> 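Okay, handing you the structure first.
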Amino acid sequence: MAMLGSVLLPSPMVLASEGIKKVTTTSSSPIRPLKNCKTVDQLKMFHRSLAKQGLENDVSSITKLVARSCELGTRESLSFARELFDSKGNGESYGSRFMYNSLIRGYASSGLCEEALSLFLRMMVDGISPDKYTFPFGLSACAKSRANRDGIQIHGLIVKMDYAKDMFVQNSLLHFYAECGELDLARKVFDEMPQRNVVSWTSMICGYARRDLAKDAVDLFFEMIRSEDVRPNSFTMVCVVSACAKLEDLETGEKVYAFIRDSGIEVNDLMVSALVDMYMKCSAIDTAKQLFEQYGARNLDLCNAMASNYVRKGLTKEALGVLNLMMESGVRPDRISMLSAISSCSQMRNILWGKSCHGFVLRNGFQNWDNICNALIDMYMKCNRQDTAFKIFDRMSNKTVVTWNSIVAGYVDNGEVEAAWETFKIMPEKNIVSWNTIIGALVQESMFEEAIEVFRSMQSQEGVNADGVTMMSIASACGHLGALDLAKWMYYYIEKNGIELDVRLGTTLVDMFSRCGDPDSAMSIFDSLTNRDVSAWTAAIRAMAMSGNAKRAIELFNEMIEQGLQPDGVVFVGALTACSHGGLVQQGKEIFNSMEKVHGVSPQDVHYGCMVDLLGRAGLLEEALQLIKSMPMEPNDVIWNSLLSACRGQGNVEMAAYAAERIQVLAPERTGSYVLLSNVYASAGRWNDVAKVRLSMKEKGLRKPPGTSLVEIRGKTHEFTSGDESHPEMPRIEAMLDEISHLGHVPDLGNVLMDVDDQEKRFMLSRHSEKLAMAFGLISSKKGTTIRIVKNLRVCSDCHSFAKLASKVYNREIVLRDNNRFHFISQGKCSCNDFW
DNA sequence: TTAGGGTTAG
């Protein structure tokens, strides 16, 4: 805290230097030679000395003075040059070609591109034709200001005036096309050059590196060093290093660094920054730190590279530490440094430090830079200071897509999805980040179908292409919906569009396919993944566990350990769940006992929950209860619920009542426990107790959540709610249900938790959501296709046997996912062996 | 004469 304080509350040294303008020397020093003049005052003095020598109208002298003035490249020196240029000497304009060239170059290199281009135009109007020097300056101005049309016109002029064979002109054209994103045209210029120098190669390599074509940049670099007619210099190497950073390719990066050292290319400040950035992006943080320490904290750009990478990795304290170090070494943070600082505060949701940063920004005049405004808006939104965020937003004259995205993301962060959506709708321009933000928000809010809907409308937008982030959200939505057709289409989409299948996206896809009841696809994706981390293994273990293949799940778990990965708490949940579903009591116990002893992972309540579940399902109720009592932490309602549901399976009414009592104390709002308890009583025929439980629910204003089932037909999901007959196809669904009933299905009336007559019970059972979905699936899909149903609650045993019968009679595979696991039902048999 | 890294939002 103390360390960070000095970043945010500037030290006395910084305060003293702030706000004090540089004092310019006005002492009467002797007249310097022109090449030594470094300030406008010195130039003006030189100009006065010309007058004393009677040379104030001498074209040659004035031309040299203008050239020097332009070389300095400050706003003041450029306007002084322009003043001289506009004045007349001996009744004649000073506008020689050389002067035009000097000024155009000066304007272009200081970023005053409009001035440069308007002077280019005036030059021609004045009847002075551009030459081989004018064209590169003009094109440089076009490249910088993305004046694409002007650049193309200049190209025409170059051809017309026969300058197209000049290497410098060709290099400038190449650079211009690369900068405005026309890489193919740039490459055409490059390929057709009869001779190339280091600038030609560097411009082409850099063009690729800057346009997400880093691979091409690296390839071209290796081609360059093979060609041997030209050697790379530090300009080239900075580009190549940055390309390796973008590729996150450490191996090539190290080769490139070795090349730099071997060939004695100067490692300047810019190169060190590029190298540090490369090592950070490749996650070689220690190497980056070594370089950083070697070259010191006095280098502003280096500090910025380090800080921004720390921020990207979420290492906010380290980022602020670098900024702190800079200040201590007397290096003043610039606006780039402040972007990292503000972003750190935003990530930490630290409004106090964020405000300090804002203060620093204001004191140093950075507040008019769009990027700083965007970062501040993001910070204030994330810190829940929307008013301040909007004040900055309203004052911005140049709101970009990033500005709008910050607002949308801020709303999402605050859980205001509605406001995010409204903002998203009205924003003038949307990019992939905007779409990903809103899609991610919908998925987060469990609005899966809406998320997919938005994704579909995104695809009709020109210039917006889904990326890995989009696909992760959509995969998650598909998984929750259990929509297999959609999931398959998505996988195809990823392949077709060349979206990189990295380990994160891969893991999401494994999860998606396993949730959609397609463990084979899940495993084939898992097999194809390189660099599998613990999350990837967890997804595969879960896939096997959910599909009832407990043995394979445990094999995978062991393979993971053999490969030397350190298991975390999450993967143990997967492994224990597998044991529980497969009834592997002994293996479950062994894994549970190994957690702390072998792997140093202390079991959390969730792991105890898995064990209670495992023991309970295996009928070891007493042992499960003892385990609960031995827990080092207070058992939560979920654990008691596991016990309760085991009691239901075993018909242990007393222990069920005890567990239910505990749950009602710990989580009185938990409806499931009441339902389970009344279930236990109903199975035992204790209708009075059932009635008591129902009354107690009613008194507390609790209602059993309605059962709902989804069924996917030709890529569209249909939702059914228990007892709801509003579906337009209801008459046909009813006919289907009747047909199955007449085929010999004997309703298991014990599933009806109400004391009504048997006919009524039969009717209620026939309107269970999974039955409605099943019947609809049978009548609306082609013969032989698999019917996939996702239910929000547990599948009832009557529906389970109903599904088994239907699978046999109609020769259909039925995949039923409930809130706990999958049932793969085929030819009258279920993968769960009627034990779930 | 021409060429260079890092820069906020998911």
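None of these values were measured; they are calculated from a predicted model. The sequence lines fix the lettering, A, B, ..., with proteins before strands; numbering per chain opens at 1.
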> Classify the nucleic acid contact of A:D467 as base, sugar-phosphate or nothing, counting any heavy atom under 4.0 Å across all strands shown.
base

> Below 30° counts as parallel, above 60° as perpendicular, anything between as tilted: where do the rings of A:F135 and A:F120 land?
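Rings of A:F135 and A:F120: tilted, as their planes differ by 30° to 60°.
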
> Please work out whether the ring planes of A:F455 and A:Y493 are parallel, tilted or perpendicular, with thresholds of 30° and 60°.
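Perpendicular, since the angle between the ring planes exceeds 60°.
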
> Taking the side chain of A:R312 as its heavy atoms from C-beta onward, which of B:dA3, B:dG6, B:dT7 lies nearest to it?
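Per side-chain heavy atoms of A:R312, the pick is B:dT7.
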
> Looking only at side-chain N and O atoms, does A:S140 come under 4.0 Å of OP1 or OP2 in B:dA3?
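A:S140 to B:dA3 OP1/OP2: side-chain N or O found under 4.0 Å.
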
> Indicate, with a heavy-atom threshold strictly under 4.0 Å, whether A:F137 touches base, sugar-phosphate, or nothing.
sugar-phosphate

> Side-chain donor-acceptor pair under 3.5 Å between A:E416 and A:Q386, yes or no?
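Their side chains do contain a donor-acceptor pair, which is all the 3.5 Å distance test asks for.
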
> Between B:dT8, B:dG4, B:dG6, which nucleotide gets closest to the side-chain atoms of A:L339?
B:dT8

> Assign A:K430 to base, sugar-phosphate, or nothing according to its heavy-atom contacts below 4.0 angstrom with the strands shown.
nothing

> Of all the choices, B:dT1, B:dA9, B:dG6, which nucleotide is nearest to the side chain of A:V433 once you look at every atom?
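That would be B:dA9.
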
> Rounded to whole Å, how long is the line connecting atom CG of A:N171 with atom P of B:dG4?
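The distance from CG of A:N171 to P of B:dG4 comes to 12 Å, rounded to the nearest Å.
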
> Within less than 4.0 Å of OP1 or OP2 of B:dT2, is there a side-chain N or O belonging to A:S109?
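A:S109 to B:dT2 OP1/OP2: no side-chain N or O under 4.0 Å.
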
> State whether a side-chain donor-acceptor pair under 3.5 Å links A:N171 with A:S203.
no

> Distance check needed: B:dT8 P versus A:F393 CZ, whole Å only.
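After rounding, the gap between these two atoms is 20 Å.
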
> Side chain of A:F235, heavy atoms from C-beta onward: which of B:dA3, B:dA9, B:dT7 has the nearest atom to it?
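Output: B:dA3.
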
> Is the closest side-chain donor-acceptor distance between A:R187 and A:Y208 under 3.5 Å?
yes

> What contact category does A:A305 fall into here, base, sugar-phosphate, or nothing, at under 4.0 angstrom with non-hydrogen atoms?
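Here A:A305 touches no strand at all.
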
> Which of these nucleotides, B:dG6, B:dA9, B:dG4, is closest to any side-chain atom of A:H175?
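Ranking B:dG6, B:dA9, B:dG4 by closest atom to the A:H175 side chain puts B:dG4 first.
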
> Of all the choices, B:dG4, B:dT8, B:dA3, which nucleotide is nearest to the side chain of A:S203 once you look at every atom?
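Selected nucleotide (nearest to the side chain): B:dA3.
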
> Have a look at A:N268 and say if it touches a base, only the backbone sugar-phosphate, or nothing, with a 4.0 Å heavy-atom cut-off.
base

> Which of parallel (below 30°), tilted (30 to 60°) and perpendicular (above 60°) describes A:Y411 and A:F390?
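The rings of A:Y411 and A:F390 sit tilted, inter-plane angle from 30° to 60°.
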
> Heavy-atom contacts under 4.0 Å between residues 367-375 of chain A and DNA chain B, which residues?
A:W369, A:N371, A:N374

> Could you please name the option among B:dG4, B:dG6, B:dA9 that lies closest to any side-chain atom of A:S308?
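Selected nucleotide: B:dG6.
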
> Side chain of A:P136: nearest nucleotide among B:dT1, B:dT7, B:dT8?
B:dT1

> Would you say the side chains of A:T508 and A:D511 form a donor-acceptor pair under 3.5 Å?
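A:D511 and A:T508 do not have a side-chain donor-acceptor pair below 3.5 Å.
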
> Under 5.5 Å centre to centre and under 30° between planes: does that hold for A:F168 and the six-membered base ring of B:dT2?
no

